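Keep in mind the model is a prediction, meaning the values are calculated, not measured. This chain uses plain numbering: 1 for the first residue, then up along the sequence.
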Amino acid sequence: MTEQAKKSLSNAEKQQRYRDRQKQSGRKELRGYLTPEALACYEEIQAKTQWNDSLLMSNAIRLMYAAHKLGQIGLLNGWLNDHKK
């Protein structure tokens with residue numbers, strides 16, 4: 001084995017390789033900050049479903065898209081406002 005092959009990768013290099021593999025498979029990373037209300041909802045959903053963060057975000061976006069296509073965004077937003085969520 002060569003010296004380069006023996007050298008272990010740093011955490012930053014491992015993270016970059018991981019991000020590159022995700023991009024190559026067609027995935028996109030999204031980031032944002034949650035309000036305290038949204039964080040409480042997130043924690044409740046995660047506890048009930050046992051979904052990891054990535055799966056929870058993917059499904060949340062897909063569900064919002066379905067609600068949009070069915071014309072239910074106003075109904076859902078009204079429910080969230082009425083229940084202070």
Side-chain angles (χ1 to χ4, degrees):
M1 244 186 217
T2 66
E3 186 64 32
Q4 183 66 16
K6 290 182 181 181
K7 181 184 173 212
S8 62
L9 297 174
S10 70
N11 282 340
E13 291 169 322
K14 289 177 186 176
Q15 290 171 2
Q16 184 62 47
R17 287 179 60 198
Y18 174 78
R19 287 191 297 270
D20 290 342
R21 283 194 310 269
Q22 296 304 314
K23 285 179 187 176
Q24 289 173 355
S25 68
R27 295 182 177 174
K28 178 176 175 72
E29 182 179 10
L30 298 173
R31 293 182 184 211
Y33 294 98
L34 299 177
T35 63
E37 298 86 2
L39 184 58
C41 294
Y42 169 86
E43 290 169 348
E44 184 178 338
I45 290 170
Q46 187 181 36
K48 288 182 180 179
T49 62
Q50 298 300 308
W51 290 341
N52 64 27
D53 187 57
S54 179
L55 187 58
L56 200 143
M57 282 297 292
S58 291
N59 286 339
I61 291 170
R62 293 174 63 229
L63 288 168
M64 285 298 298
Y65 179 77
H68 162 70
K69 284 300 194 179
L70 295 172
Q72 301 299 314
I73 292 292
L75 177 71
L76 292 173
N77 194 40
W79 186 92
L80 288 171
N81 290 334
D82 292 345
H83 292 86
K84 295 179 176 54
K85 294 284 182 183

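In this structure, CD1 in Ile73 is found 8.0 Å from CG in Asn77, a value given to the nearest 0.5 Å. Interatomic distance, Arg62 CZ to Tyr65 OH, rounded to the nearest 0.5 Å: 11.5 Å. Expressed to the nearest 0.5 Å, how far CD of Gln46 lies from CG of Leu39 amounts to 9.5 Å. Here Arg19 contributes atom CZ and Lys28 contributes atom NZ; the two are 13.5 Å apart, rounded to the nearest 0.5 Å. The CG atom of Leu70 sits 11.0 Å away from the CG atom of Leu75 when rounded to the nearest 0.5 Å. For the atom pair CZ (Arg21) and NZ (Lys23), the distance works out to 13.0 Å, reported to the nearest 0.5 Å.
Residue Ser25 comes nearest to Gln22 through the heavy atom pair OG-O, 2.9 Å, listed as atom of the first residue, atom of the second, then distance. Residues Lys85 and Glu37 come closest through the heavy atom pair C-CB, 3.8 Å.
Judged as a ring pair (Phe, Tyr, Trp, His ring centres under 6.0 Å), and not counting sequence neighbours, Trp51 has no contacts. Partners of Leu9 under the side chain to side chain contact (heavy atoms under 4.5 Å, CB included) rule, at least two apart in sequence or in another chain, are Glu13, Lys14, Arg17.
The hydrophobic cluster containing Leu80 does not contain Tyr42, counting ILVMFWY residues as joined when their side-chain heavy atoms lie under 4.5 angstrom apart, directly or transitively. Following chains of ILVMFWY side-chain contacts shorter than 4.5 Å, one can reach Leu34 starting from Leu56, so the two form part of one hydrophobic cluster.
For the residue pair Asn11 and Gln15, no side-chain donor N or O sits within less than 3.5 Å of a side-chain acceptor on the partner.
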